[in-house]
Amino acid sequence: MIFKRKSIRNFSDDEVSTDKIKNLIRAGMQAPSAFNSQPWEFIIVSDEEDLKAVSKMSRYARPAENAQKLIIVLGNTTKDNVVMPMIQQDLSACTQNILLQAVAEGLGAVWLGFYPIEDRVDSLRQYFNIPDYIIPFSVIAIGYPKEDKEPENRYDESKIHLGKY
């Protein structure tokens, strides 16, 4: 699956089923987390007005407008065992699992960068009424790919160091 993953920014009008979205969320929740804190929560966005609003929160968020759904990955800082410096790793692993499961489901997806850029985070927080103790971490645009493109081969042997740098 991992070698088939690619960022898809253009989506068809085909509806993404609730079952597929549940599978994506289930995959996200399988991610490792520091001290097994599992700090993730999610907002599923499908309303056209909301998709358009998110697409305008950053110039890099434009794919949100033509996505069928968005998954906003959130981090609950009040959960037991949450280690604040590690929550970013927990939520990144969760996001990556969702992106990989999207490939398995025949979907296209792209990770839209929001956290830690303050104005983007604040836009999400205000628009979706997210409380201060919840971190709006990532936004994933999801849909069926409108285009068929090949994944990149990013393997670069010059970046491998054996034993020491």
Side-chain angles (χ1 to χ4, degrees), residues 5 7-105 107-146:
R5 194 214 62 80
S7 294
I8 300 294
R9 293 174 176 83
N10 294 305
F11 305 98
S12 76
D13 293 333
D14 297 338
E15 185 63 33
V16 176
S17 73
T18 301
D19 286 343
K20 287 190 184 244
I21 294 299
K22 280 185 180 178
N23 286 342
L24 298 181
I25 298 297
R26 190 182 322 272
M29 290 180 174
Q30 284 299 119
S33 65
F35 298 102
N36 199 28
S37 62
Q38 303 176 39
W40 36 73
E41 294 184 19
F42 308 89
I43 298 174
I44 310 303
V45 180
S46 57
D47 179 78
E48 283 186 40
E49 190 175 307
D50 295 341
L51 296 171
K52 186 177 267 193
V54 172
S55 78
K56 293 179 179 177
M57 291 180 187
S58 157
R59 67 182 179 154
Y60 303 105
R62 289 186 187 130
E65 186 170 7
N66 71 8
Q68 286 299 310
K69 307 266 192 242
L70 301 177
I71 297 176
I72 303 174
V73 179
L74 308 167
N76 188 332
T77 63
T78 65
K79 292 266 305 173
D80 289 343
N81 301 327
V82 167
V83 180
M84 282 312 295
M86 304 303 281
I87 198 169
Q88 293 177 47
Q89 292 181 36
D90 297 346
L91 299 174
S92 292
C94 174
T95 300
Q96 180 69 5
N97 278 11
I98 292 170
L99 293 171
L100 293 174
Q101 186 62 32
V103 175
E105 299 289 334
L107 298 169
V110 63
W111 182 341
L112 306 175
F114 274 78
Y115 187 87
I117 300 169
E118 221 170 289
D119 64 320
R120 296 179 194 176
V121 169
D122 289 343
S123 294
L124 284 173
R125 190 180 298 287
Q126 289 173 358
Y127 189 86
F128 291 101
N129 300 316
I130 300 169
D132 289 340
Y133 62 91
I134 300 288
I135 298 170
F137 183 75
S138 63
V139 177
I140 306 165
I142 297 163
Y144 287 96
K146 197 174 204 173

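Values in this document were obtained by computation on a predicted structure and should not be read as measured data.
Note that CZ of F114 and CG of D119 are 9.5 Å apart. Values are rounded to the nearest 0.5 Å. Within the model, atoms CD1 of I134 and CG of L124 stand 13.0 Å from one another, a figure rounded to the nearest 0.5 Å. In this structure, OH in Y115 is found 10.0 Å from OG in S92, a value given to the nearest 0.5 Å. A distance of 8.5 Å separates CD in Q68 from CD in E48, rounded to the nearest 0.5 Å. Rounding to the nearest 0.5 Å gives a distance of 7.0 Å between CD1 of I44 and CD1 of I142. Atom CG of N97 is separated from atom CD of Q101 by 8.5 Å, given to the nearest 0.5 angstrom.
Closest heavy-atom contact between D80 and S37: O-CB, 3.6 Å. For the pair R9 and S7, the tightest heavy-atom approach, listed with the atom from each and the gap, is NH1-CB, 3.5 Å. Scanning all heavy atoms of the two residues, the minimum distance from A67 to F11 falls at CA-CD1, 3.5 Å. When every heavy atom of P136 is checked against every heavy atom of R125, the shortest pair comes out as CD-NH2, 3.4 Å. Closest heavy-atom contact between A109 and L99: CB-CD2, 3.8 Å. The shortest heavy-atom contact between S138 and T95 is OG-OG1, 2.8 Å.
For K79 and E41, the salt-bridge test fails: no basic side-chain N is under 4.0 Å from an acidic carboxylate O.
Crowding of Y60 atom OH: a count of heavy atoms from other residues, nucleotides or ligands under 6.0 Å not exceeding 12.
Each of K56, R62, M57 was compared with R59 under the side chain to side chain contact (heavy atoms under 4.5 Å, CB included) criterion, and only R62 meets it.
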*Stepwise side chain to side chain contact (heavy atoms under 4.5 Å, CB included) test for L107 and Y144*: CA-CA 5 Å; L107 298 169; Y144 287 96; 3.6 Å; yes
*Starting from the C-alpha separation in whole Å, work towards a yes-or-no answer on side chain to side chain contact (heavy atoms under 4.5 Å, CB included) for W40 and L74.*
CA-CA 5 Å; W40 36 73; L74 308 167; over 6 Å; no
*Go through the steps to decide whether Y127 and D122 satisfy the test side chain to side chain contact (heavy atoms under 4.5 Å, CB included), and finish with yes or no.*
CA-CA 8 Å; Y127 189 86; D122 289 343; over 6 Å; no
*Applying side chain to side chain donor-acceptor pair (under 3.5 Å), run through Q38 and N36 and close with a yes or a no.*
CA-CA 6 Å; Q38 303 176 39; N36 199 28; 2.8 Å; yes
*Which is it for N76 and Y133 under the side chain to side chain contact (heavy atoms under 4.5 Å, CB included) test, yes or no, and what are the steps along the way?*
CA-CA 6 Å; N76 188 332; Y133 62 91; 3.7 Å; yes
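For the pair P116/F137, no side-chain contact is recorded, criterion being any heavy-atom separation below 4.5 Å from C-beta on. A heavy-atom distance below 4.5 Å is not found between the side chains of I8 and V110. For the pair P145/S12, no side-chain contact is recorded, criterion being any heavy-atom separation below 4.5 Å from C-beta on. Inter-residue side-chain proximity for V139 and I71 is flagged as unmet; no heavy-atom pair is nearer than 4.5 Å. Looking only at side-chain heavy atoms (C-beta outward), I140 and L70 stay at 4.5 Å or farther from each other. In this structure, L100 and R5 have side chains that are in contact, with non-hydrogen atoms separated by less than 4.5 Å. In this structure, N10 and P63 have side chains that are not in contact, with every pair of non-hydrogen atoms separated by 4.5 Å or more.
Of the possible donor and acceptor atoms, one in the side chain of D90 sits under 3.5 Å from a partner among the backbone N and O of A34. One N or O on the side chain of R120 and one on the backbone of G113 form a donor-acceptor pair closer than 3.5 Å. Within the 3.5 Å criterion, the main-chain N or O of A141 finds no donor-acceptor partner in the side chain of K69.
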